[in-house]
Trainee: 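Take this structure, written in structure tokens, and hold onto it; I'll ask about it next.
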Amino acid sequence: MAMLDVAGLDAGYGDLQILSDVDLEVEQDEYVVIVGPNGAGKSTAMKSVFGLTTYMGGAVEFNGEDITGLSPDEIIHKGIGYVPQTENVFPSLTVQENLEMGAYILDEVPEAALQDVFDQFPILRDRRDQKAGSMSGGQQQMVAMGRALMLDPDLLLLDEPSAGLAPDLVDEMFDHVDAINDAGTAVLVVEQNAKEALRRCDRGYVLVQGGNRYVDTGDALLHDEEVRQQFLGG
Amino acid sequence: IGDEEEVDEGGPDVLNIIGYPESGIQIFRDYYSNFDDGTDIIVPDGLQDADLPGEVGNDMDNVLGTAPASEGPNEAAFEELYEDEFDSSPGVFNSHTFDAVAVCILANIAAGDNDGEAIRDQMRRVANPGGDEYGPGELEEAAEAAADGDEISYQGASSGVNFDEVGDPADAGYDVWEFGDDGTETIDTIAFEGDDPDGDMADDSPGGTDREVMVSMLLPETGDLGELGSPMIQAGELAADQFEGTSFEIDLAIEDTETDEDTTLSNGGALIDAGYPAIIGAASSGNSVPLVGETSSANVVQCSPASTALSLSEVRDDGYFFRTAPSDLLQGQVMAEVAADRLGGETAGTLYVNNDYGQQLSEQFIDSFVGDQGGEELNTVSFEAEQGSYTGELESALAE
Amino acid sequence: MSDTSTDIQSTETGTAADTAGTSSDAPTDADAVAPSTADRTGEIELAVDGLVKRFGGITAVDGASFEVEAGSITGLIGPNGAGKSTTFHCITGIHQPDAGTVAFQGQDITGIAPYQCADYGLVRTFQIAREMANMTVLENLMLPAKHQQGEALWRSVMPLARREVEEQERELLERVWDTLEFFEIEHIAEEKAGTLSGGQRKLLEMARALMTEPEMLLLDEPFAGVNPTLEQKLLEHIHELRADGYTFLIVEHDMDLIMEHCEHVIVMHQGSVLAEGVPGQVTSNEQVIEAYLGGEV
Amino acid sequence: MSSTVNADRRTQLESLWEHDAIKIIAVISAIYIVYALIGLILGYSLDGIVNTLRRMTYLIAVYGMVTLALNLHWGYTGLFNIGVAGFMAIGLYVTMILAKPADPGGAAQYAGLGLPMPIAIIGGVVAAGLAGLVVALPALRLRADYFAITTIAFAEIVRLGVTSDALQQFTILGAELGTGGGRGLIRNYDDPMNVIFQLEIFSSFVDLTNSLFGFGPTQARALAYSIVLVIVLAGIYWLIQRTSRSPFGRVLKAIREDEEAAQSLGKDTNMFKIKVFVLGCALMGLAGILWRFRRTGVTPEAFRPHVTFYIWIALIIGGAGSNTGSILGSGLFVAVLFEGPQYLRRVIDQLVAIGDAPNTFAGAVAPLLSANPVPLVRYTFAEFLTLQFVIMGVALILLMQRRPDGLLGHREETAAAIPLGVRPSAAGGGSGGGGGSGSGGGFTHGQTRDQHDDSDQRTDGGIDADAADAQTDSLQSDISDSSDTNGTSKTSDTTAQSDDSATDGETL
Amino acid sequence: MIAVGIGVVLLVGDLVLGVLDGSYSISRIGRYVTEGVLYGLIMGLAGIGLSMTYSILNFANFAHGDTITAGAFIGWGGTYLIAGWGAASLGHLALVGPQRGVGGPQLGISITSTPVAIFAGLLLAGVGTALFAVLIDRLAYKPMRGAGGIPLLITSIGVAFALRYLITFVYSSQSRGTTASVPSADLLLVDGYVSLDAHDGTLIAAAVVLMLGVHLMLQRTKLGKAMRAMSDNKDLALVTGIPTERVIRWTWMIGGGLAGSAGYLMVLWTGTIDWQFGWLLLLLIFAAVILGGIGSIYGAIVGGLVIGISMHMSMIWLPGGDFTTITAFLMMILVLLIRPSGLFGGKTTA
Ligand SMILES: Nc1ncnc2c1ncn2[C@@H]1O[C@H](COP(=O)(O)OP(=O)(O)OP(=O)(O)O)[C@@H](O)[C@H]1O
Ligand SMILES: Nc1ncnc2c1ncn2[C@@H]1O[C@H](COP(=O)(O)OP(=O)(O)OP(=O)(O)O)[C@@H](O)[C@H]1O
Ligand SMILES: CC(C)C[C@H](N)C(=O)O
Ligand SMILES: [Mg+2]
Ligand SMILES: [Mg+2]
């Protein structure tokens, strides 16, 4: 039984159906990547897991429990964290406050977790009192990541975490994800930096036109000629 | 906030406050809590509201008022009628409303038709001198005479009810009143001989019996003047009731102005559309003025029982606008006289509501106080209705 | 008159461009030479000198100076927060620089309004796409074209002038459809831009910038979030456009891309230029490796 | 009766409904019919009914004008103007001051300049536009919500200003003028409609209305005036329709969406904003003039903020962004919300006898304890005028909850002088979808370029007939291509990606 | 901007000179300032709620004024019931004397004679309005959560209409007096006196306590931060795990509670109540909040005081009530010209 089990999911926005019959599975401790063309519905799939789209059919189960219809804070309670693709920081809150918000459902700010985040992203420690909105695009991405880590979730959903990061940070970020994954958190990542992501992951999905086209191990996908040509830029 | 000595030393002898009860409560509260130094205050009809002392929480015995009087030849008869019916004494403009309704019905009977133009031409024929005189208690007889086509002269509760050339009452009386234990008490009455009754009217009246007579009232039941309007409406209904014994069936429609221009126009329009050839209203001058355009262009007689603004004498009405309430041209003189003679004031300050009524009445008062009475006007201050506090305005009006 | 409208004139009915020519005064004699001649290569298209921009206590750009050659594809790289986007903001008039100058084709354009900047032929895209969410993709693309007669209120209203406006609109629309096809987004032509996916927005953003018929494009991370296959295609197009005489200044974090496609690279760090040169040089520069690339390369 | 016929008929009806003119005519006719029926129930005579409809027309026309102007501000440009009443006031006051005779004539009068009516109207419109400019210059820099509050503050400043003593009477360049302060201004100039009524044709109009409805000459004038207003309304509709369906309108829309981005694309957005704000304000001024300048008098009371809110309600009912909606919204606002409750009350009053109401709410509610709802019903009816506004408010709330885009649904018109959906060169060849590998010829510069499609020969990179043909060719081949590839999902030639995205649009 | 500076200098100069040469009496200025402060405190108090809903729910709430009125009626109904028990029918008392007659002056209601009734009323106004605001949210705004600021603003106009006229439906449209007169203290100020009565004092004390309370509440709890997070980005707040509905409920409770208290205190201070005083106050509150900078509670307080004081000070140069409101709006526009996001704008301090 997979930890996250999405089966035959149909979902969309209002009347508009985007996903049809999508299957996704993430096992305990697994590292899963979703790639695919722009507009394929990758972000939509992630949002659907988090209950942010219009549910149209199928099942989303987490640890064997149906989580469709739950509110995001309930889902967070269940142990899923999520970093959206865009607009993912609170611009008028300081960096530290942004991070604290990540642990809102706890009574106290977990100081240890905060320090962990600062250790992973030292620039955030230096800029802890700067308004997140005035940080550069890449810095904001770190804030968003850090915030999702504050609760030490069982499953972390990351929507294009490396977009806009400098190369060293891209590597670092992938390392972070690896580290997070190694520490026992399953991750589900949407990436356009597909090659790198597929190289590192356990399994990959290729999502096209709202349905999943390919599932395989990362390496297999990397070496599939069609996938390379169509989705990985050759 | 206030300082008795200072105001005592330099402020005006008399303070004239022109407004409506809705703001009046607040103004007097602010006055009594911050400036109460015994300065004499004079107010006009707009503040003649029996509830005022109770709401202000003061017996207001430094206040003296003026108001168009029920100074008609048949004032007493009307008062009796009113008290019988409603168990209370009539308030301000009640007699004027009674007269307005009575005259419009009589003119309608004389015209022989629910036709505005014909009624307009009969208004002076039933009201102005000439023919037998009838009072408020004799409306049945008056109706019969009018139905016969006789020229009659209605003698009203508020005045002789004679219209001058522009449709204003030709003569007027003013009460001087004060707040007493229950309500307001008239302490004196000043009569004015105005212009001669005059103006165009029909040469004869078709008359006729056994028909429906349509007349309507458009007066405030709510809004700034809601307080004053409700008893006025009662008085108007009382007038219509007087025709019960005749062969005429009186169709009296009543609509609310809400003391608001839009509502006045739209409810007035509906009355016109429904075919009412005469509308008694509105109360506030600011509402009456735009209504004149609607009534006159639809050939409907409009007779206001309470709008006293000067401008209504000059508005373009094709002769369709009448009123039983006198123009403030006169009330200003009365107030000035009261301020100077009765209160012995040499200096005055004026605080007025910035609308049609307040503005014009204050001008008349000042003209007369300075011109006729030789007094000095120290401060003239206008105010907006319904403010949270009037301390600043009072401060300015009472300044040296 | 700018080269671009000359282009319309020669290819289309001509009436539109005739009248359009009078409405803009910004471009100067310098651009009478159409970039299509391509021999402006080597001239300096954009020169930034000593640019400084402060936000409160933070100096985002700290004396950056660099030049961009006409007809080149130049990369602007640097760590997150180095001041790249802010430099773009200062060049294009979104922000007023605190010091320094910006010259475009020899003209001082320091501190001009953003719309003037675009008039000169210098157009930028935003790092975070700024689509007109409630307008359709088509409307989004119809918007930017220069010298639209119908932007004068009276012309849109007066019947006679209106006919010309419509004529020009038809020509423009044709161009818009070409662009849609170029970016392979014609299937979403009538969608509201706000409903597009992240990557589609990026495409729209670039398409829209091209619709202004610029001479130089400043692209702020144009490929972040764009699918690699499409990215490849776009790069091909960028090369074609470059061959046509466009100049590109691209902020990008993808080093492979920079290495492969830029002939010149500028590295910013802490608000100023740390190094520049051909890609190979730059990537082997110690400081650059330390500040930006990490141990990796 | 087969259901397909029904369905056919329905689609026919629906397609009819698509036409804006039909929509407007249908809704306005419905309003007329309902009000004529109400008139019949209330026992109005023919002239009473016609007069009722005339008043409706007048109100719908004036509300329609202002709503259209507001739609230009808000619906198209995103300028949140809640100072509408102020601009109307300026238009009206200036016109009246210009038109009033120079000789005050009478104790309660203020002098004007005695100018001919057309000039006075132009003066008023220009003044309202200038006021718009004065507000726009500083205020357009502010963020949207601050801008809104600034406009309502401006409207209040205007209202309180004309009310104040200070402007009651003033002298400009030796001319004595005045706003009349709180008493306002009396119309002591000739009926502005004289300009028209002097025409010969009007006497036959008078005869006509007299014989049809038994109208007198003044009623005929009022009727004619309503017709004039409808014509002006149509003119404004046309003007704004043109404005919005044009490149100008497109920039306005872009400003509404993201002003900074529009600037970066070379649009001098401030200029556009100022122009459109001034234009809208001038139209509001015009509407303010036409609304009231024939009235016997005007007081500043008429310009309290609720007038602005009424206009907003009308705009919302119809749906912001749609000119047709603005007119329909005005019609429905006037007929249902503004006048409707009053007529409903009259009809109820006519049909059932309702006894005396208790004085207070407590008196009305207390009997409920003993299960007697009659006093409450009576009280409710007695307070009907009050409830009208409650109804207005609740209607607005429900509308926003259920149909936030207005009754017509979201009907934003495309901001272009021509329809966009169809590619001009491909017109007739179906819609412009497909064709994944077209060239970017529009922004190439005089070079022969080689795209994926070798048949695409362009000598000058622009669009000429040849190229267009080629375009159509490639389009067709592509369509067949994609139907091929669609079946076999795993193709790997370079066009597959684009085919995917092309079909994307269809499947979703 | 320079012109503004010159204007300010001229006015201040004139004031100083006027005071020196005795043409402006100091005590008069003192009275204006006192009056302005009292007025400003009410606007500030009510403005906090407006500012909060403005920034968290992202819309300008045009029904806030009528919430103030509703709160005042609710609270004063309580005060009447307690102070006047037995003196009139329950309905009459609970409805704050809809047809006049027996009312505050007759019942002798004041802070000195019936303090319990006053405090109970104030409490009722605060709590009652807080719940009432949540109820309105449930009915009107909740079904359209996620809609933009403008649809909500327009909805609030609907709420404002409905609420205002429901108030007259229930409580009648008469204005009436609510308090008996109370003792006052005269403070000597050079050339005259400034007097404050017991109700003025109550207003100041209650307003300061309430403002402090809110300040502490927002500083000490993470609610404050959550509110700011929500005002930044509601969707993100949601996925971050902030229970947005609960935060919204708190926002309405605090905002409504303050509005109700402000309304109650306003009535205590002026001594009259009528159906539209809150609405008439609303635009001034908007001016105060914007002048102070939306989203900042200090902004609202300072804005209220600035507006209140400048309105009254304007009467030194422009006697009478014609220009007070105009002054308030001009002040707001001036500040916006110099600081386009208000005095405290950009510094969110909640
Ligand atoms: N409006 C602002 N207010 C305050 N600081 C700002 C503002 N804009 C940018 N900064 C700061 O200026 C610095 C440069 O930011 P900029 O966005 O230019 O970086 P960048 O090089 O584009 O980075 P990235 O690659 O991550 O997008 C950053 O430290 C950022 O926090
Ligand atoms: N809020 C929304 N409302 C309506 N349609 C939407 C919305 N968000 C996305 N879509 C549509 O759903 C489809 C899938 O979008 P999604 O954001 O999931 O794509 P994606 O795979 O994440 O693409 P990208 O890599 O470009 O981010 C797109 O066609 C987009 O237009
Ligand atoms: C009812 C009255 C107080 C009306 C007042 N006389 C007026 O003209 O407005
Ligand atoms: Mg995405
Ligand atoms: Mg950047």
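It should be emphasised that the depicted structure is a prediction, and the values quoted were computed from it without experimental measurement. Just so we're on the same page: letters track the sequence lines, and every chain starts at 1.
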Trainee: Under 4.5 Å heavy-atom distance to chain D, tell me which part of Y357(B) shows up: side chain, backbone, both or neither.
Mentor: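 Contact with chain D involves no heavy atom of Y357(B) at all.
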Trainee: Residues in ring pair (Phe, Tyr, Trp, His ring centres under 6.0 Å) with Y310(D), at least two apart?
Mentor: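 Only H306(D), F333(D), F338(D) meet the ring pair (Phe, Tyr, Trp, His ring centres under 6.0 Å) criterion with Y310(D).
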Trainee: Is there any residue in residues 214-224 of chain D with a non-hydrogen atom under 4.5 Å from a non-hydrogen atom of chain B, and which ones are they?
Mentor: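 T218(D), Q219(D) fall under the 4.5 Å cut-off.
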Trainee: Between D317(B), T263(B), D356(B), who has the most heavy-atom pairs with chain D when the cutoff is under 4.5 Å?
Mentor: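 Heavy-atom pair counts peak at D356(B).
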Trainee: Side chain from CB out, backbone as N, CA, C, O: work out which of these in T222(B) comes under 4.5 Å of a heavy atom of chain D, or both, or neither.
Mentor: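 Neither; nothing under 4.5 Å.
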Trainee: Might you point out which heavy atoms bring V300(B) and P277(B) nearest each other, and give the distance in Å?
Mentor: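 Shortest heavy-atom separation between V300(B) and P277(B) comes out as CG1-O, 3.4 Å.
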Trainee: Do Q360(B) and S311(B) meet the criterion of a side-chain donor-acceptor pair at a distance under 3.5 Å?
Mentor: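 S311(B) and Q360(B) do have a side-chain donor-acceptor pair below 3.5 Å.
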Trainee: Side chains of S313(B) and R323(B): donor-acceptor distance under 3.5 Å anywhere?
Mentor: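 Per modelled atom types, S313(B) and R323(B) side chains form a pair under 3.5 Å.
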Trainee: Does any heavy atom of chain B fall under 4.5 Å from the side chain of L59(D), the backbone, both, or neither of them?
Mentor: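 For L59(D), neither part sits under 4.5 Å from chain B.
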Trainee: Which region of Y189(D), side chain (C-beta onward) or backbone (N, CA, C, O), has a non-hydrogen atom less than 4.5 Å from a non-hydrogen atom of chain B, or is it both or neither?
Mentor: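 Answer is backbone: N, CA, C or O of Y189(D) sit under 4.5 Å from chain B.
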Trainee: Give me the one residue out of D191(D), N188(D), D190(D) that meets side chain to side chain donor-acceptor pair (under 3.5 Å) with R316(B).
Mentor: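 Of the listed residues D191(D), N188(D), D190(D), the side chain to side chain donor-acceptor pair (under 3.5 Å) partner of R316(B) is D190(D).
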Trainee: Could you tell me which portion of E117(B) (side chain, backbone, both or neither) has an atom closer than 4.5 angstrom to a non-hydrogen atom of chain D?
Mentor: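 Contact with chain D involves no heavy atom of E117(B) at all.
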Trainee: Among I272(B), N355(B), D260(B), who wins on heavy-atom pairs under 4.5 Å with chain D?
Mentor: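 Most pairs with chain D among the choices: N355(B).
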Trainee: For E261(B), is it the side chain, the backbone, both or neither that has a heavy atom under 4.5 Å from a heavy atom of chain D?
Mentor: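 The answer is the side chain of E261(B).
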Trainee: Between Y32(D) and T57(D), is any side-chain donor less than 3.5 angstrom from a side-chain acceptor?
Mentor: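 Indeed, the side chains of Y32(D) and T57(D) share at least one donor-acceptor pair under 3.5 Å.
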Trainee: Give a yes or no on whether the backbone of A385(B) and the side-chain of S23(B) come within a donor-acceptor separation of less than 3.5 Å.
Mentor: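 Here the side-chain-to-backbone pair does not exist.
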Trainee: Charged N to carboxylate O under 4.0 angstrom, E294(B) versus R294(D)?
Mentor: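 Between R294(D) and E294(B) there is no salt bridge, as every charged N stays at least 4.0 Å from the carboxylate O atoms.
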Trainee: Quick check for you: among A309(B), G269(B), S285(B), which has the greatest number of heavy-atom pairs under 4.5 Å with chain D?
Mentor: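 Of the options given, most contacts go to G269(B).
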Trainee: Could you check whether Q342(D) and Q388(D), counting side-chain N and O atoms only, form a donor-acceptor pair closer than 3.5 Å?
Mentor: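 Checked: Q388(D)/Q342(D) side chains pair up, N/O donor to acceptor below 3.5 Å.
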Trainee: By the definition side chain to side chain contact (heavy atoms under 4.5 Å, CB included), identify the one residue from T308(D), V66(D), V62(D) that meets it with M88(D).
Mentor: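 Only one of T308(D), V66(D), V62(D) forms a side chain to side chain contact (heavy atoms under 4.5 Å, CB included) with M88(D), namely V66(D).
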Trainee: Quick check on R345(D) against chain B: is it the side chain, the backbone, both or neither that has a heavy atom closer than 4.5 Å?
Mentor: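 Just its side chain gets close to chain B.
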Trainee: For D367(B) and Q364(B), test the side chains for any donor-to-acceptor distance below 3.5 angstrom and give the result as yes or no.
Mentor: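 No, because no side-chain N or O of D367(B) sits under 3.5 Å from a partner of the opposite role on Q364(B).
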Trainee: Quick one: which of A270(B), S382(B), A253(B) has the most heavy-atom pairs under 4.5 Å with chain D, could you say?
Mentor: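 Most heavy-atom pairs under 4.5 Å with chain D: A270(B).
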Trainee: Side-chain donor-acceptor pair under 3.5 Å between S296(B) and D318(B), yes or no?
Mentor: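 Short answer, no.
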Trainee: For E255(B), which atoms come within 4.5 Å of any heavy atom of chain D: side chain, backbone, both, or neither?
Mentor: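 E255(B) touches chain D through side-chain heavy atoms alone.
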